[in-house]
Structure formats: structure tokens, C-alpha cells
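The structure under discussion appears below in the form of C-alpha cells.
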Amino acid sequence: MPPADTGASTVVVGASAPSSPVTTTAAPASTHERLEPGRPGYRRMSFALFAAGVAAFALLYSTQALLPAVSASFDATAGQASWTVSAATGALALFVLPLSALSERFGRRQMMTASLAVAVLVGLLVPFAPSMGALIALRAVQGAALAGLPASAMAYLAEEVRPKALIAAIGLFVAGNSIGGMSGRILTGWVAQAWGWRAALAAVGLLALACAVAFHFLIPKAKNFRPGSLNPKALAKTVATHLGNPLLVRLYAIGALFMTVFGAVYTVIGYRLVEEPFSLPQGVIGSIFLVYLVGTVSSAAAGRLVARLGRRGALYLAVSTTAAGLLLSLADQLAAVLLGLVLITAGFFAGHAVASSSVSRTATEGRAQASALYQSAYYLGSSAGGTLGAVAFHAGGWAATVALGLLAVLGVVSITLYGTRVARAERRALVPATATR
């Protein structure tokens, strides 16, 4: 999530129209029933989805800033503790496609309500986990539950909000994702410093509970949703078609590799900063996640970068920025490390924005499924990056984690270079055909 959210925004285009694996039983309601600023329900809907975004992403990454404390409590390695993050993001990746399909049958509002309810309930149990294994299992269940929220929220907005007001409504939901992911990490850092990591997770659970209650009472009933009958064979065919599209597969790989870097860096950075020569307290380490605000700026700038440099040019700039940040973070000066994090964050969010928007533009049919597959790849990258980055740190320190990040960056460069060669070959093949006309 993305921002971190950061992941939810990839479903926007696909959510605006029925997908081929689902057959609707009635035409959508007329647009005069839809919400827009100034009409009854719009403000309630906006606050409700903002609260849902805050709850979801505060819960999803709640243990990330606490990993050193969790390791110490259970006498676990960084690699073992990292599974408290990777299990949640990995489960979300696995369940986002089936739960987004179920929302087509049972309703967006119902799916969002159920997802939040289960995730919050688990969040209130997480602080009492008696062992590392129990903590990881609870976090996996929590991630699976949260998978029902992003795609359902985007589809709900596309169906219930007037098109001219849709971008603003989606923007507020995505802002909730970002603020939830960032504030959850900051909150846990400072609470853990005062009362320990279990109290910190309890604080996040209570924050999410308050947001879920607000969502339940504020979200307007869906007026334009029409349930469809699921067709598993058609769904499988659509997914197979997307996975057989070389360009989409490259975009999925790029999203996963970018998130591998991001997941590795932000899972391990707490371990590095708590050690010499930095020796920062837990609260200050949690506040490091304010760097996420840089991602908001770079994501917004991605459209202008593509307009000026093209999609592949924007990706080259994003990977160069990320690589520069990784190298700079090797220094033992705190200012250099922080600047490195700024560059890594800016490069990641720009690259993610370019790749995710390209998925919606590339897929001509089944766009919701194409975007859900991107989300799956994205969160699998987060899960892999968190675990592999922690294992690398345990084996060779921060330099090994940076090496893993640079390897993933090299993968993005290789895929982009290959895409450039394919595009040039396709243009050359068109020239003779054009000349003979």
C-alpha cells in the first residue's frame, strides 16, 4: 500500500468499467444520482475513504519501524523479524486479485467493510502475540484481509462519483494511504520508545479501530453498483492473456523490482540507525519515515517527466536517482544517509508511478485484472525485498543490503533497455510497410 501507497492508485482505470470476467445484470444508474462536491453524501464519502486509507496502511506496515525492538524481544535475527512485514504484504499480493473479483459479486461497500473489520480485529490481537511465529501468522491474516480494500475502494469511487469529481476523490483516498503508512510508522516509533513495541502496535490498532468506525458510519450506501455473476474461466483466461503480454510482464517486473529496493531499504534502515555510529532512539527512527512526503512530490511529477522524457526516459531517470541514493547511503554521516533516503524515495515513487500508469494504458481489456496483477507483483516485491534485505544485512551489513538494491536497479535498467530495443525494432519494421503504400 504505497506509499505506499502507494499501490491503490493502480486500479483507477480498470475500476471505471466492468471487466470481462464479470457479467452485470443491469445497466448502471444515471449520472444524476452520483456524488460530487456540494451534493449530499460527497463529503461523508470523502472522509470515510480517507479514514479507510489511513487505517489500512497504518496496519499494513505497523511493524516496520519496530523491527529492532521485535528482534530484541524474541531474540530473533533481522531476517526473521522482517517476516512480520513480508507476511502481510505477501498475503495482500496473493489475495488482491480474488478479493477484487469477489467485490464484483458481493459489493464494494460490503467488501471494504468486511476487510477493515477483520484487519482491525487482528490488529487488536497482534500486540498479544506470544511468539514470533504467532506474530507472523497474525500479520499474514491481516494482510490477506486488507487485500479487499484498495480495488474495492477504487471501483466504489468510479461507480458512485461523477467523472469530473473522480480524480479529487481518488486523490483523497490515496492521501489517506500515504498518511496512514507514514503516521503509523511515526506513531509506533515514539510509543515504542516510551512503552515498548507491544504498546505501539496496540496504539495502531486503536487508531485503525477509530478509523474503521468512522468509515462504517460515514460511507454512503452504493446506489450504482450492480452485482455480476463471476465467471472463473473467463477470469483465468483474462489473467493468462495479461501474463502473455510481454509489455505488461515487463511492467510487472519493473514494479516488483522497484518495490524490492524500497522494501529492503525501509525494512533494514532501522537496524542500521540504531547501531553505531548513529545510535538513534526508536522515536527518531520512526520519524525518518517523514521522508515519504518526498514520494508524494515525485509521484505528482511523474506525468510531467513522461511528457518531457518519454516513459523509458522517465524510468532511466528514476533508476539513476534510486541508484545514487543507494550509494550515498553507504556513508557514515547521518546527513548523507538521510539525503540518500530522499533520493531513493523520490526515484522509487517516480518509477512506480510511471510503471503503474503504463499498465492501465497498455491493457485494452480486463484492465481491473491487469492492475490487480500489477499490485500483486508490487507487493510480492515488497515482501521479497523486506526479507532478502534483512538477510543481506544480517550476512554483510548495510553494504550487502545496498548491493541487493543495486542488483534490483540493474534489473530495471536491463528490462528498460530491452524494451527500448523492442520498440526500435518495431518502428523499423513499420518503415518498409509505410513506404510501399
Side-chain angles (χ1 to χ4, degrees), residues 1-2 5-24 89-105 108 111 144 147-155 158 170 228-260 302 306 311-312 314-315 351-384 408 411-412 414-416 418-423 425-426:
M1 260 190 258
D5 95 12
T6 79
S9 60
T10 60
V11 195
V12 175
V13 177
S16 61
S19 304
S20 55
V22 180
T23 304
T24 55
T89 55
L92 191 154
L94 293 175
F95 281 85
V96 66
L97 183 61
L99 290 187
S100 66
L102 285 177
S103 77
E104 302 276 5
R105 177 66 182 86
R108 324 297 188 189
M111 179 59 70
L149 184 68
S152 299
M154 293 298 176
I170 288 173
S229 56
L230 291 174
N231 187 334
K233 289 184 178 180
L235 177 62
K237 182 179 179 181
T238 300
V239 170
T241 299
H242 292 326
L243 293 178
N245 184 323
L247 177 54
L248 283 176
V249 171
R250 291 198 296 271
L251 292 171
Y252 297 154
I254 287 172
L257 289 169
F258 264 120
M259 195 53 169
T260 298
V306 171
R311 183 175 61 196
R312 284 180 289 274
L315 285 174
H352 165 52
V354 173
S356 60
S357 62
S358 298
V359 167
S360 292
R361 191 170 67 240
T362 301
T364 56
E365 294 181 358
R367 285 172 170 165
Q369 286 71 42
S371 294
L373 286 170
Y374 179 86
Q375 282 189 317
S376 294
Y378 175 84
Y379 283 109
L380 284 174
S382 174
S383 182
V412 175
S414 300
I415 292 170
T416 308
Y418 177 78
T420 302
R421 289 179 56 190
V422 170
E426 289 175 348

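Quantities reported herein were computed from a predicted structural model and do not represent experimental measurements.
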Over all heavy atoms of both residues, which pair between [X] and [Y] is shortest? Give the atoms and the distance, please.
{"X": "Leu235", "Y": "Ala101", "answer": "CD2-CB, 4.1 Å"}
{"X": "Leu380", "Y": "Gly90", "answer": "CD2-O, 4.5 Å"}
{"X": "Pro98", "Y": "Leu94", "answer": "CD-O, 3.6 Å"}
{"X": "Ala147", "Y": "Val96", "answer": "CB-N, 3.6 Å"}
{"X": "Ala370", "Y": "Tyr252", "answer": "O-OH, 3.0 Å"}

Do Val354 and Ile254 come close enough that some side-chain heavy atom pair is under 4.5 Å? no
Any heavy-atom pair between the side chains of Leu315 and Phe258 that's under 4.5 Å? yes
Indicate yes or no for a side-chain donor-acceptor contact from Ser376 to the backbone of Ala93 under 3.5 Å, with no hydrogens or angles considered. yes
Where the side chain of Ser382 meets the backbone of Tyr378, is there a donor-acceptor pair that is under 3.5 Å apart? no
For Leu102, give me all partners under side chain to side chain contact (heavy atoms under 4.5 Å, CB included), at least two apart in sequence or on another chain. Leu99, Phe106, Met111, Leu230
So, using side chain to side chain contact (heavy atoms under 4.5 Å, CB included) as the criterion, who are the partners of Ala144 when residues are at least two apart? Ala91, Phe95
Output the distance between atom CD (Gln375) and atom CG (Leu97), rounded to the nearest 0.5 Å. 10.0 Å
How far does CZ of Arg312 sit from OG1 of Thr420, to the nearest 0.5 angstrom? 4.5 Å
Report all side-chain donor-acceptor pairs from residues 244-251 shorter than 3.5 Å, counting only partners two or more places apart or in another chain.
from   : atom 1 : to     : atom 2 : distance (Å)
Asn245 : OD1    : Leu247 : N      : 3.0
Asn245 : OD1    : Leu248 : N      : 3.3

